[in-house]
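Only one structure is covered here, and it is reproduced in the block below.
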Amino acid sequence: MKKKRNLLRIAVISIIAGTVFTGCSRNVKEKEDTYVDLADYYGVSNEGEYGIVVDGEAAGTAVTIGDKIYLPQEVVASKINSQFYLDSKNKQIRYATPTELKITHVDGEDGNAVTHNGEVYLELGYVTDGSNVKRAVETEPDRLVFFTEMKETDTYSVSEDTVIRQQPSADSSVMTKINAGQLLYKAETIVAYGDTQETEEAPSEWLEVMTEKGIRGYVKQDKVKESNTAVLVPNKEQPSYSHISLGKKVCLGWQLMTNKAGNSEIREKIKGAKGLNVISPTWYVVNDAKGNITSYASKEYVQTAHNNDLQVWALINDFAVDESGASYVLEALADTDSRTNIINSLLAEVKEYGFDGINVDFEKISIAYGKDYVQFIRELSIECRNKGIVLSVDMYVPMSYNQYYNRAVIGQVADYLIIMGYDEHWAGCGQAGSVASISYVKNGIYNTIKTVDADRVINAVPFYTRIWTETPSDTDDGSGIYVEDNINGNYMLTSRAVGMNAAEKNLADGGGEKIWQEDIGQYYGAYETGNAFVRIWLEEERSMETKLNAMNEAGLAGVACWQLGFEKPEIWDVIQTYLNK
């Protein structure tokens, strides 16, 4: 799927195909090029307007108010810098740095944020001073050009006068003329802020490029030659993020906790857990839209953990829902007062119980609340960083549909990002399969470390698997998920999560044989019971070693395990070998 562009009106140079006869011969004039009207393309129609161009893409229109240029806040936050978060309720711009939260009032005396035509606009200098971007003001048409990727990028030198076309075709409209010797950026290395769309490769004879003035398009490959790399230098360097490190590979185990009584199980959960250095009890849940939390915390638990050389990273989740089934956390994160309440409550719990870190496990965020979720992590990270509290954030395996979780930003502000490298197949997915095949695990790792430093990424492995049961639909009681199978007959699919020993016992009791599947990286077994067919993809020492080897090759910060108590004792020998590599 090609990148979407603003296909606005194109001004066409009139072409008249004339013919000239000389005797019996006829000469046809070549068709002249069509040029893109850049004013239309960049959305500039009135005096005082500026097109906004972000990494070669038209992104909106800026306006002149008084003697200053202002950009729509929504464009800034979505395309240039998400740090400029709008709190509409309190009419504030909340800008989170690594160590402090800067608040600018909309229509305040400083003029940094104003209301224009019912929308909030931000002053150009205010935006660029707070952003790690390179900016230029260009004319013909008037436009603000931003480069958001501040890194070395491949460049080309134009070998002869030519043109840049809108699409990779000789029939495509011309974006601009370029002269011999002109420098061009290789556009594939310039990725627009927050852009998650896939792009098709241009035909081999064409290259996607961008001029230093931000005009993007395609040029014939034989018109340019490779040049030295160039560094896109930002207008103003921004403060860097510091991170707390355990100083060695992390081995974290989650302990499921649904009440305070569960705290007494810590000794049993950590017994024989070789290499475990962090325990994360599921102590907190957001229980209403005001950001109040339920707590199962225990001082004795923390003391026991510390006596066994374990750090405690207390987990907070978003599993509590309202009457409509929506997570309370959505409304809570969208409201500054409620969001702040969650943060202050967690900090008070840290002070009261003395644990070492916070693990955020928000799995029910929808795309509409993505920006509020990111702001919550930003604001929480400030408090954690200033108080020396480890902040880890659990994250899905990257998929096209969950990009709004914004791994790049979360990975920048948090100390550790934990990939939940399981649930490839889950209870409601309608298809039996592994919860964590090796290809799924590897894709999760490598697609995450594209945007987050590997030495701060932890991959979580499952200590559980699922027993899948397929029952013919005409004999089942109607529970489960209906699956159409034209070959073997339709059936109802059910599953249940079990620990490692329980899965192996079930397969053995059913008379199934376990067979190693190299492409899955697991043993698979199946058997019949009555009129039902049972499938199991096992998690055990060999499958765990396969996953840990992939993690070691990627240079990850460590391993997390869901959940303590589901593992075979022998698993800890495999994990300890990984930790010692």
Side-chain angles (χ1 to χ4, degrees), residues 3-6 41-44 49-65 68-88 92-98 101-102 104 106 111-114 116 119-138 142-151 153 185 187 189-197 210-216 232-241 370-375 377-378 403-404 406-413 451:
K3 281 187 177 177
K4 295 180 180 177
R5 297 178 181 269
N6 295 324
Y41 187 82
Y42 293 124
V44 181
E49 290 183 341
Y50 291 80
I52 302 171
V53 186
V54 182
D55 298 320
E57 301 287 352
T61 306
V63 297
T64 302
I65 302 176
K68 295 182 178 179
I69 301 172
Y70 287 81
L71 296 79
Q73 180 274 336
E74 178 59 32
V75 172
V76 172
S78 63
K79 299 293 184 181
I80 300 173
N81 187 348
S82 64
Q83 285 171 273
F84 292 95
Y85 176 85
L86 173 62
D87 174 2
S88 300
Q92 298 174 347
I93 299 297
R94 298 172 68 84
Y95 179 93
T97 75
L101 183 64
K102 297 181 179 180
T104 294
V106 178
N112 287 333
V114 302
H116 176 72
E119 302 293 332
V120 175
Y121 279 65
L122 306 181
E123 194 270 323
L124 175 60
Y126 172 57
V127 172
T128 52
D129 282 350
S131 303
N132 190 41
V133 298
K134 181 177 175 62
R135 183 210 80 192
V137 180
E138 301 293 345
D142 291 342
R143 61 194 188 278
L144 309 175
V145 178
F146 296 91
F147 295 94
T148 66
E149 279 288 287
M150 298 297 105
K151 65 179 183 182
T153 179
Y185 294 126
T189 62
I190 308 291
V191 180
Y193 177 87
D195 187 359
T196 59
Q197 294 176 325
M210 183 164 52
T211 72
E212 292 179 285
K213 294 186 177 182
I215 298 177
R216 188 168 183 158
L232 298 180
V233 181
N235 289 89
K236 184 175 181 179
E237 293 286 352
Q238 300 301 308
S240 60
Y241 287 84
K371 64 182 184 301
D372 305 310
Y373 165 76
V374 172
Q375 184 65 16
I377 300 297
R378 284 190 186 279
Q403 294 302 308
Y404 58 88
N406 208 329
R407 286 163 192 78
V409 171
I410 302 303
Q412 178 188 44
V413 305
T451 56

Exercise: identify the closest heavy-atom pair between [X] and [Y]:
X    : Y    : answer
G130 : N81  : O-ND2, 2.9 Å
V106 : V114 : CG1-C, 4.2 Å
A136 : E138 : CB-OE2, 3.8 Å
P98  : P239 : CG-O, 3.9 Å
A62  : I69  : CB-CG2, 3.9 Å

Within this structure, what is the [atom1]-[atom2] distance for the pair [X] and [Y], rounded to the nearest 0.5 Å?
X    : Y    : atom1 : atom2 : result
I80  : F147 : CD1   : CZ    : 12.5 Å
D87  : D372 : CG    : CG    : 9.5 Å
Y373 : I410 : OH    : CD1   : 4.5 Å
L71  : E123 : CG    : CD    : 9.0 Å
N406 : Q375 : CG    : CD    : 12.0 Å
T61  : D142 : OG1   : CG    : 11.5 Å

Aromatic ring pairing F84/Y95, orientation class (parallel under 30°, perpendicular over 60°, tilted between): tilted
Given side chains that start at C-beta, do those of [X] and [Y] come closer than 4.5 Å, heavy atoms only?
X    : Y    : answer
V44  : R143 : no
I93  : L86  : yes
S131 : V76  : no
N132 : Q83  : no
Y70  : L122 : no
R94  : L101 : yes
Y50  : L124 : no
Y85  : R378 : no

F146: which of R135, K79, E57, K134 passes side-chain contact (heavy atoms from CB on, under 4.5 Å): R135
Candidate pair L144 and Y42, rule side chain to side chain contact (heavy atoms under 4.5 Å, CB included), full reasoning: CA-CA 10 Å; L144 309 175; Y42 293 124; over 6 Å; no
